[in-house]
Amino acid sequence: MKILVTGGAGFIGSNFIYYMLEKHPGYKVVCLDALTYAGNLETLEDAMKNPDFKFVKGDITDREAVRNLFKEEKFDIVVNFAAESHVDRSIEEPEVFLKTNILGTQVLMDASREYEVKRYHQVSTDEVYGDLPLDRPDLFFTEETPIHTSSPYSASKASADLLVMAYHRTYGFPATISRCSNNYGPYHFPEKLIPLMIANALADKSLPVYGEGLNIRDWLYVKDHCSAIDLIIHNGRVGEVYNIGGHNEKANIDVVKTILKELGKPESLITYVTDRKGHDMRYAIDPTKIHNELGWLPETKFDDGIKMTIKWYLDNKPWWENIISGEYKDYYKKMYDNR
Ligand code: NAD
Ligand code: TYD
């Protein structure tokens, strides 16, 4: 079995590569990644020592390069993680989100059709469903919830999903889609909520909470996302969407306070800043379908996962200190100074 993992030098893709190499010895895993600001080869250092793993630098929107790779490697399965993934960046500069997330998906699907890939899996997000109101805790996203996007990021992911479903219906393309809630865990890029708050707290810098911090996200430990995708690519039905989430809903302010408590830092570090434009209030996944059809259940509770994650950031300081000392500084200044 030979699997192409696109975007494998990023957060979830790299965790998926390690998960697959351990779970399925003998599978060949090829990672295609453009190494944008979010991609980091250091993350894959250990994988590089495995003879079943190969890294290829390349852009999923580069049709010629993608075709050549598919021709040479003859993949059985393609799992597409490659994307621009940060909502705040999509609000500032939407264009690259449309290019990578939509056109990149099309290029990968065309090559998959031409070289007869047996299964194409699109890694999508619960953000395609828009948001739920805070005063209706009884509501959850199911696979039937209408697409209703808020940000250029979620609109680009939803567009890609529609294209995947259209390829399935029109060409009988053997595709599946998963829509997962917010992930956390090792190798999470420090621009996202949890690693940003850990890094700032450790440096005794202020923790910028958007609005009143009441927005709710449904947090899933990244390894549980990987196990769900592994099940879908092997046993999921083509043409189907699977929601992934573990009923771990938390208000942002509570996540931030938990991090401060774990690190023994004072709550006075919290600073409320101007809210994100179009900020989604609540995400909440109903994972009944993947549980009933594929027997998937998450293994890591938030209370354990957040401790494991904080420990990982404490044990792997060079990995993230290297990132935040580079061009990230300019990004931080632009997004947070005088906010
Ligand atoms: P990430 O930003 O950490 O990593 C993205 C990776 O894709 C990087 O390694 C980057 O170099 C690569 N990449 C970007 N543009 C590329 C291009 N044109 N060609 C090749 N490679 C390119 O993102 P992530 O958080 O790991 O998310 C991975 C996928 O999972 C995305 O599709 C995202 O929409 C989806 N997702 C993320 C979450 C989450 O909580 N992070 C939740 C649900 C779904
Ligand atoms: P983020 O990690 O960017 O994920 P997403 O927007 O895809 O859910 O943000 C998670 C939540 O945390 C979201 O409600 C925005 C909020 N947030 C802050 O309050 N401050 C921050 O500095 C960041 C990055 C996010």
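Counting starts at 1 for both ligands and their atoms, following the listed order. The figures that follow rest on heavy atoms only: side chains count, while hydrogens, waters and symmetry mates do not.
Backbone and side-chain nitrogen or oxygen atoms of Asn183 are examined, and one is located within less than 3.5 angstrom of a nitrogen or oxygen of ligand 1. Polar contact with ligand 1: present for Thr36 (N/O pair, distance under 3.5 Å). Checked against a 3.5 angstrom limit, the closest N/O atoms of Leu32 and ligand 1 fall outside it. Taking only nitrogen or oxygen atoms, main chain and side chain alike, Ser85 reaches within less than 3.5 Å of ligand 1. The shortest N or O to N or O distance between Phe189 and ligand 1 is not under 3.5 Å. Considering backbone and side-chain atoms alike, Thr61 places every N or O at 3.5 Å or more from each N or O of ligand 1. For the pair Ile12 and ligand 1, the shortest N or O to N or O distance falls below 3.5 Å. Considering backbone and side-chain atoms together, Phe11 places an N or O closer than 3.5 Å to an N or O of ligand 1. Note: no N/O pair closer than 3.5 Å links His225 and ligand 1 by distance alone. Checking only distances, Glu84 never comes within under 3.5 Å of ligand 1, N or O to N or O.
The one candidate from Leu196, Leu269, Leu202, Ile198 that meets the side chain to side chain contact (heavy atoms under 4.5 Å, CB included) condition with Ile259 is Ile198.
Hydrophobic clustering (ILVMFWY, side-chain heavy atoms < 4.5 Å, transitive): Leu214 and Val255 are in distinct clusters.
Trp319 and Trp312 have perpendicular rings, their planes meeting at more than 60° on a 0 to 90° scale where under 30° would count as parallel. In this pair, Tyr331 and Tyr336 present their aromatic rings perpendicular. The plane angle is above 60°, beyond the 30 to 60° band.
Comparing heavy-atom distances from atom 34 (O) of ligand 1 across Tyr153, Trp219, Phe81, Tyr283 singles out Tyr153 as nearest. Of the listed options Leu108, Thr105, Thr100, Thr100 places a heavy atom closest to atom 15 (N) of ligand 1.
Using a heavy-atom distance under 4.0 Å as the criterion, the protein contacts of ligand 2 are His86, Val87, Glu127, Asn182, Glu191, Lys192, Leu193, Leu196, Met197, Pro208, Val209, Tyr210, Asn215, Arg217, Asn252, Arg276, His279, Tyr283, Tyr336.
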